[in-house]
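First up is the structure itself, then whatever we jot down about it.
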Amino acid sequence: MMHRVSAIICMMVALTVMSAPPAMAQQVGVVQSDILVLDPDRLFSETLLGQRINREYLAEREKLIARNRKIEAELEAEELSLTELRAEKTPEEFRDLADAFDAKVQEIRRDSERAVRDLERRRDRAPVTFMRMVEPVLVQLMRETGGAVILDIRTVLLRADVVDITPLAISRVDAEIGEGAGPRKENAPENAPQNVPENAPENVPEEEPAQQ
């Protein structure tokens, strides 16, 4: 799922810190560098937000698996019951019952396939939702480091560890976003509405789960 995050990270290379030139970069104990690298897999898997998205996906996946198993057992029982009625019905009556059962099975199958597609779509949107949520934090880190670009660490052949902002990004995302609420503001009222990201479960029941 996070291969999409890599593409989104690359799209962010155009994000410069024009509003805070390098000369004015905040000195917060972060190394100053034009080029920064980030591990999107770690960012997703080790942040509270990414873990919540993954947890919700797995819960939806298990729910769908359980639902399908229950329906399958019910259909098997209904098919057995229908077979036992064969001796009591005329061929025409039995054919009507069998056709009705067949139509029911096909409708259930379509519903199940639709549910799987919906789950897949929500899983596919998860990286976009995640990156939109963490992007302000990454932009702020760019300002603080005087960075002009954030690269996916997996695409960099040689690098210096000092420009890897992944651990710092994880801690900042957890502090600013947590499991999904918008960045906290010092003077925001307690009951102020929060920008909760759309739920996006983390694959189909048989598998595992920006730029503005």
Kindly compute the distance separating [atom1] ([X]) from [atom2] ([Y]), expressed to the nearest 0.5 Å.
X: Ile165; Y: Leu141; atom1: CD1; atom2: CG; result: 5.0 Å
X: Ile108; Y: Asn68; atom1: CD1; atom2: CG; result: 10.0 Å
X: Asp39; Y: Ser45; atom1: CG; atom2: OG; result: 7.5 Å

**Prompt:** Shared ILVMFWY cluster between Leu48 and Val137, side chains joined below 4.5 angstrom?
**Reply:** no
Determine the minimum heavy-atom distance between [X] and [Y], stating which atoms define it.
X: Leu43; Y: Thr166; value: N-CG2, 4.5 Å
X: Pro167; Y: Arg42; value: CG-NH1, 4.1 Å
X: Gly147; Y: Leu36; value: CA-CD1, 4.3 Å
X: Gly146; Y: Asp34; value: O-OD1, 3.4 Å
X: Leu38; Y: Ala169; value: CD1-CB, 3.9 Å
X: Leu64; Y: Ala115; value: CD1-CB, 3.8 Å

Any side-chain heavy-atom pair of [X] and [Y] under 4.5 Å:
X: Leu138; Y: Met131; result: yes
X: Asp152; Y: Val37; result: no
X: Arg123; Y: Leu119; result: no
X: Leu75; Y: Val105; result: yes

**Item:** Full working for side chain to side chain contact (heavy atoms under 4.5 Å, CB included) between Val134 and Phe130
**Value:** CA-CA 6 Å; Val134 304; Phe130 178 79; 3.9 Å; yes
With sequence neighbours excluded, tell me which residues meet salt bridge (Lys or Arg N to Asp or Glu O under 4.0 Å) with [X].
X: Asp96; result: none
X: Arg121; result: Asp118
X: Lys89; result: none

**Item:** Glu78: partners by side-chain hydrogen bond (donor to acceptor under 3.5 Å, both in side chains), with sequence neighbours left out
**Value:** Lys104
Salt-bridge test for [X] and [Y]: reply yes if a basic N is under 4.0 Å from a carboxylate O, no otherwise.
X: Arg117; Y: Glu120; answer: no
X: Glu56; Y: Arg52; answer: yes
X: Arg172; Y: Glu176; answer: no
X: Glu60; Y: Lys63; answer: yes

**Request:** Go through the steps for Glu179 and Arg55 under the test salt bridge (Lys or Arg N to Asp or Glu O under 4.0 Å), then give the verdict.
**Result:** CA-CA 11 Å; Glu179 289 193 343; Arg55 200 164 53 242; 3.4 Å; yes
**Asked** Who are the side-chain contact (heavy atoms from CB on, under 4.5 Å) partners of Glu72, not counting sequence neighbours?
**Response** Glu76
Please set out all donor-acceptor pairs under 3.5 angstrom arising from side-chain atoms of residues 79-88, sequence neighbours excluded.
from, atom 1, to, atom 2, distance (Å)
Thr83, OG1, Glu79, O, 2.9

**Asked** How about Ile71: does its CD1 atom have over 12 heavy atoms from other parts shown lying under 6.0 Å from it?
**Response** yes
**Prompt:** Would Arg67 and Lys70 satisfy side chain to side chain contact (heavy atoms under 4.5 Å, CB included), going step by step from the backbone distance to the final call?
**Reply:** CA-CA 5 Å; Arg67 173 180 175 273; Lys70 179 175 181 291; 5.8 Å; no
